[in-house]
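A note on names: the letters A, B, ... follow the listed sequences, proteins ahead of strands, and every chain is numbered from 1. Note that this is a predicted model, so its numbers are computed, not measured.
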Amino acid sequence: MQQTPLLEVKNIACERGDHRLFSGLNFTLAPGELMQVQGANGSGKTTLLRTLCGFVQPVQGSVHWCGQDIGEWDDDFHAEMCYLGHLNAIKDELSALENLQMSAGLAGYTVSDQQAVAALRRMGLQRREHLPVRVLSQGQRRRVALARLLIGDAHLWILDEPLTALDVGAVGLMQELIGEHLSNGGMTIFTTHQPLQVSGVQTRQLMLS
Amino acid sequence: MNKLSLFGLLGLVIRRDLLLAMRRRADVLTTLIFFVMVVSLFPLGVGPEPEMLRKMASGVVWVAALLASMLSLPRMFSADHADGTLEQMMLAPQSLSVLVLGKILAHWTLSGLPLALIAPVLGLQFDMSVQALWILVLALLLGTPVLSMIGAVGAALTLGLRGGGVLVSLLVLPLCIPVLIFGAGAVEAVNGGMSAVSNLALLGAFTLFALVFTPFVAAQALRISME
């Protein structure tokens with residue numbers, strides 16, 4: 001059964017400085033769909049994802065969520081999405097557990113210690129929960145940031161290079177998490193230079209040039 | 001998993017900033033020690049004439065407080081900007097102004113409140129009367145929040161710029177002049193045998209006015225600097 005798309009990108013064009021990155025871009029994303037944005041370095045992948053978040057205003061066209069422009073949605077749209085950028089948004093001084101609780105709080109959720117610990121364990125951070133993030137490796141920091149995906153009920157995941165610094169095991173775990181998210185009626189749009197296959201789901205490709 | 005209310009989010013931001021400050025205490029102590037040093041240098045440099053010291057006391061304390069509060073301003077948003085937390089704050093399902101207000105309150109607790117609390121000790125070096133000391137503390141408590149609030153706008157506007165630290169002082173200090181005038185004026189009035197109520201009332205009015213407008217303006221400035 002074909003689901004009605006929730007995210008619609010209508011004829012958008014984006015610029016960085018005076019340089020036109022892409023124009024006339026159209027696509028839609030329906031529940032259960034997975035989309036990979038591809039393109040060379042500097043082709044505007046990150047800018048596209050930031051436009052979907054509302055950080056960057058497109059020069060032309062519009063982004064709609066449930067039929068309404070995301071500019072008009074205001075803060076309610078933010079409750080429906082989860083964005084994970086290049087930067088991990090975690091603090092060196094705080095422990096993994098504190099970091100997760102704070103970032104969950106910023107996303108509007110209160111999580112108990114048990115819930116947060118469970119999410120961190122799922123991400124493979126056993127016995128690292130109370131260590132300051134300062135002493136963790138890059139890959140482990142990325143896992144702390146990714147643990148945020150396990151908290152909350154956002155429909156739309158926007159992931160910018162989620163697999164950076166992750167080992168094979170963690171990449172497998174991410175595939176599993178995205179698969180679960182999609183089967184629960186979620187949507188994911190992501191960029192990566194590594195292959196990411198989610199079983200049972202056809203990955204849609206979007207090529208920026 | 002429960003949803004966080006507006007005040008829950010405000011509390012979370014304040015708690016988070018205070019916790020971070022406790023983990024790197026040096027930043028907080030710098031402001032306080034700078035304030036103590038600057039104020040203490042004046043009696044040494046000007047000489048031990050009680051009459052003159054008493055006259056200049058409130059002005060010196062206020063100017064030092066103004067400069068001390070500038071010290072920590074560039075750090076207000078820059079760390080969150082650098083590690084991506086600011087992006088997540090913008091994606092919070094509540095208004096960004098509320099989060100900015102939380103950061104302002106945390107900043108004041110760490111930079112304005114300690115100054116007001118230690119000011120009476122420093123005032124003793126200037127031979128200030130007990131009544132003048134009380135008014136000084138009261139004026140600082142009413143006035144320093146304005147410095148944090150106007151400072152937040154300046155810090156947000158200069159976010160990500162090179163040399164932003166100096167720029168923010170140039171931007172914010174002129175706007176803080178009214179606070180300086182009425183803050184120092186309150187103590188002057190008491191020394192002159194008059195009531196300080198009008199000065200304090202004006203300081204309170206500034207604080208309320210800034211409380212209404214600055215979080216919103218700073219939030220808009222942050223949005224611009226994120227593009």
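Contact of A:R148 with chain B is made through the side chain alone, with heavy-atom distances under 4.5 Å. Contacts of B:L91 with chain A are made by both backbone and side-chain atoms, with heavy-atom separations under 4.5 Å. For B:Q94, the part lying under 4.5 angstrom from a heavy atom of chain A is the backbone only. With a 4.5 angstrom heavy-atom cutoff, B:A82 touches chain A only via backbone atoms. Residue contact with chain A, scored on non-hydrogen atoms closer than 4.5 Å, involves the side chain of B:R24 exclusively. Proximity to chain A is limited to the side chain of B:L99, based on heavy atoms less than 4.5 angstrom apart. For A:E80, no part sits under 4.5 Å from any heavy atom of chain B, backbone or side chain.
Around the CZ atom of A:R204, the shell of radius 6.0 Å holds more than 12 heavy atoms that belong to other residues, nucleotides or ligands. Atom CE of B:M37 has 12 or fewer heavy atoms from other residues, nucleotides or ligands within 6.0 Å. More than 12 heavy atoms of other shown residues, nucleotides or ligands fall within 6.0 angstrom of atom CH2 in A:W73. By the neighbour-count criterion of 12 heavy atoms within 6.0 Å, atom CZ of B:F42 is sparsely surrounded, having that number or fewer from other residues, nucleotides or ligands. Within 6.0 Å of the CZ atom in B:F34, the count of heavy atoms belonging to other residues, nucleotides or ligands exceeds 12.
Between chain A and the residues B:D83, B:T85, B:L86, the most heavy-atom pairs under 4.5 angstrom are made by B:D83. Per-residue counts of heavy-atom pairs under 4.5 Å with chain A were compared for B:M226, B:M89, B:R16; the largest is that of B:R16.
Taking the side chain as every heavy atom from C-beta outward, B:R23 and A:E98 approach each other to under 4.5 Å.
Across A:A79 and B:P93, no two heavy atoms sit closer than the pair CB-CB, 3.8 Å.
To the nearest 0.5 Å, atoms CE (B:M90) and NE2 (A:H78) are separated by 9.5 Å.
Interface with chain B: from residues 88-97 of chain A, residues A:N88, A:A89, A:I90, A:K91, A:E93, A:L94, A:S95 qualify, criterion being any non-hydrogen pair under 4.5 Å. At a heavy-atom separation below 4.5 angstrom, chain B is approached by no residue within residues 154-171 of chain A.
Between the side chain of B:Q88 and the backbone N or O of A:Y83, at least one donor-acceptor pair lies under 3.5 Å.
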